[in-house]
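Everything on this sheet refers to the single structure shown next.
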Amino acid sequence: MLEQYALTNLKGVGPKQVEKLNKLGLFVVQDLLFHLPLRYQDKTRITPIEEVKIGSEVLVEGAIFSQALSRGRRNTLAVKIQSDSGATVTLRFFHFHHRQAQQMTRGKIIRAFGEVRSGPNGLEIVHPSYQLINSGQYIELEETLTPVYPTTEGLGQASILKLIKQAVELVKQNPLTELLPKEALTKLDLPPLNQALLTLHQPQPEDNLFAIKQFEHPSQQRLIIEELISQQVGLQVLRKQEQKRTAPKLPTSHTANALLASLPFSLTQAQQRVLTEIQNDLNQPHPMQRLVQGDVGSGKTVIAALAAIQAADAGYQVAVMAPTEILAEQHLNAFLEWLEPLNIKVAWVNGRMKAAERRHQLSVIESGEAQVIIGTHALFQDTVEFHKLGLVIIDEQHRFGVHQRLALKQKGDDKLSQLQEVHAHQLVMTATPIPRTLAMTAYGDLDLSIIDELPPGRKPIETAVLSNEKRFEVMEHLYAKCKQGIQAYWVCPLIEESELLHAQAAEVTANQFTERWPDLKVGLIHGRLKGDQKAMVMEAFKNHDLDLLVATTVIEVGVNVPNASLMIIENAERLGLAQLHQLRGRVGRGDLQSHCVLLYQPPLSETGKARLNIMRETTDGFRIAEEDLKIRGPGEILGTKQTGGLQFRIADLKRDSQWFPTAHYWAEQMVENHKQLVKPLQKRWIGQKIDYQQA
Ligand code: ADP
Ligand code: MG
């Protein structure tokens, strides 16, 4: 069985090679077959020099016209070649032997392959691979595409190619087992696995090479879908395990109605719908696993509070976790205001409390006196002992990665299972609207609820995009507005990758304001402030003791000051749309018409312009997310850290999104009806990364 065939059975593979192969995630011969080409080189035809285009990878042929050797910090060899009709392209080398230069004499014919760039003297190819052709000599072109594989230190393209050739010969004799259910193969009408692998490793001249280069060949689609299914299967197995566990059945409580009655507003229909979904989940004897997506300002906090009441009323504790202390603080205030009048006791833990205070909080948590506990995710990392945890609420999930969320959950579970037989319900909330299909892929283990409606009376934020040349006018305008009683944010995003410089930029801006307008009350908040300093500044801004808050992106999520209705964001062109949307969501939270000014540093590129225009045109987070997905790809949307859990061999979340629903469907089928195929499939695609004890 090739599935278990050791690498050392291949020619030229000793212990050293094995080590290197392991580094690439290759442990058995089967893994080599799933080490798929990143892309293909086309050396099947010669592109006439007059037709080469910047950015394309081409095979060209011409006569050497001139050679220039320049010495300096870097020796450079520039060889200009010419076609019959006189078109030229320069081959540029930075590493070369003296002998190479000597061989490339004027008039010799050379065939070279590489990527075309624009150079100082016209088009050039840097470090092409090349062959010199003697007069009268005929060198055949490649018959088919040349695959390019991911490599690692000390294991180059050529060695990998050799090994894969051997693996391919082996698979011809010993085909791999199909792991997709038959009905999936029939319905999808895609080629069998072994054929697909052969095509991708060794495309034949008669294959549709153009489609292969575009990753649109049925063989590629076949593997892409299989990989996506294997990833989805993983999440659904997790989900199944969770569904088998027991959680406390928490019936809906009247106390929730008491809170609703005391609020100055009634829930929107969307809030009501999502609340009902949560209430039903909590009333089941299995852990809720729900993700609530709701745009900034859609009112997720009150939903969290209502869920917390349901758990507290049934005699269980609730942990509410926020990604930052500022946010935790803000939740604390809201929960104290809403829950204490209902006789629900709220406790909290933060990184800067005095030892005595901390001891007290920990003891009321451990004794069970405290029913709702608020903190950052440190709640699960340190010494907090819960009494009887029934519900975990994780807010602003997008600040945690996929891995972090799973790890957090694991920690929570470990911690809980020591204490109690039953597992806690889990409610995850995020303000990053993720297109539904992508959400299914990234959070396939969770049920999805969407609050797709903002509370009534909110006036859409008006956004202007201005060049930094207008900065001073914007400052003057801000001052005038503050004098009329509104409050404003001025955000200085990260320019240098340094927290210090970052903080300094904000400091400089704050000083500019106070020097020019001493009567303007200016606060400053950035990541280098201590927790209690931050809290003090936020409190002062909230109480309107400050007119202007100059901030770094630490205020990105969740901060809620309804009287603040003007926001300026500097260097807006450097931020992602999702992040701009988050930042902008700090205003437009009250009855006032809010404004946002996006300042950019000219000149602005075409995409830069297009992106900022989207911000001007819409405040719809879902639309912004769709655009962001188109422009920047899913890694950025999910947050760079989050792609960790979503690394694929052949699938590409951006290119292949049309397959998500199909993959989701077949993954469900497999988990339901083809359990025996699940583990081998995961092993095939995820290899050593998965923890078998758990699966
Ligand atoms: P987010 O979803 O961004 O966390 P919040 O929960 O902070 O939003 O809510 C934003 C503001 O809207 C808060 O002041 C909250 O009290 C208020 N709010 C929530 N729901 C409603 C509603 N149905 N009608 C009016 N205001 C609401
Ligand atoms: Mg919030």
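Atom set for the values below is all heavy atoms of this structure, side chains included, hydrogens, waters and symmetry mates excluded. Note that ligands are numbered from 1 as they come in the structure, with each ligand's atoms numbered from 1 the same way.
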key: Check ion pair Asp452-Arg273 (N to O, under 4.0 angstrom)   =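 Yes.
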ask   = Would a distance-only check, ignoring hydrogens and angles, find a side-chain to backbone donor-acceptor pair under 3.5 Å from Asn468 to Leu599?
value =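 No; judged by distance alone, with no hydrogens or angles, the pair does not exist.
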With a 4.0 Å heavy-atom cut-off (strictly under), which part of [X] contacts ligand 1: side chain, backbone, both or neither?
{"X": "Arg458", "value": "side chain"}
{"X": "Met429", "value": "neither"}
{"X": "Leu267", "value": "backbone"}
{"X": "Ser266", "value": "backbone"}

query = Can you find a pair of side-chain heavy atoms, one from Thr430 and one from Lys300, that are under 4.5 Å apart?
reply =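 Sidechains of Lys300 and Thr430: no contact.
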query = Under a 4.5 Å cut-off applied to non-hydrogen side-chain atoms, are Ile278 and Leu306 in contact?
reply =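 Ile278 vs Leu306: side chains apart.
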Contact (N/O only, under 3.5 Å) between Gly299 and ligand 1 =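 For ligand 1, there is an N or O atom that lies under 3.5 Å from one belonging to Gly299.
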Find all atoms of ligand 1 within a distance of less than 4.0 Å from any non-hydrogen atom belonging to [X], and give their numbers and elements.
{"X": "Val296", "answer": "3 (O)"}
{"X": "Arg589", "answer": "3 (O), 7 (O), 10 (C)"}
{"X": "Thr268", "answer": "23 (N)"}
{"X": "Thr301", "answer": "4 (O), 5 (P), 6 (O), 7 (O)"}

ask   = Is it true that Trp348 and Phe335 have ring centroids separated by less than 6.0 Å?
value =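 No; Phe335 has its ring centre 6.0 Å or more from that of Trp348.
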Lys483, NZ atom: more than 12 neighbouring heavy atoms under 6.0 Å =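 Enclosed: over 12 neighbouring heavy atoms sit under 6.0 Å from NZ of Lys483.
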Taking the non-hydrogen atoms of [X], is any one of them nearer than 4.0 angstrom to ligand 1?
{"X": "Gly294", "value": "no"}
{"X": "Gly457", "value": "no"}
{"X": "Pro562", "value": "no"}

query = Side chains of Gln232 and His664: do they bring a donor and an acceptor to under 3.5 Å?
reply =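 Checked: Gln232/His664 side chains pair up, N/O donor to acceptor below 3.5 Å.
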task = Name the orientation class of the two ring planes belonging to Trp517 and Tyr479 (parallel below 30°, tilted from 30 to 60°, perpendicular beyond 60°).
result =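 It falls in the parallel class, under 30°.
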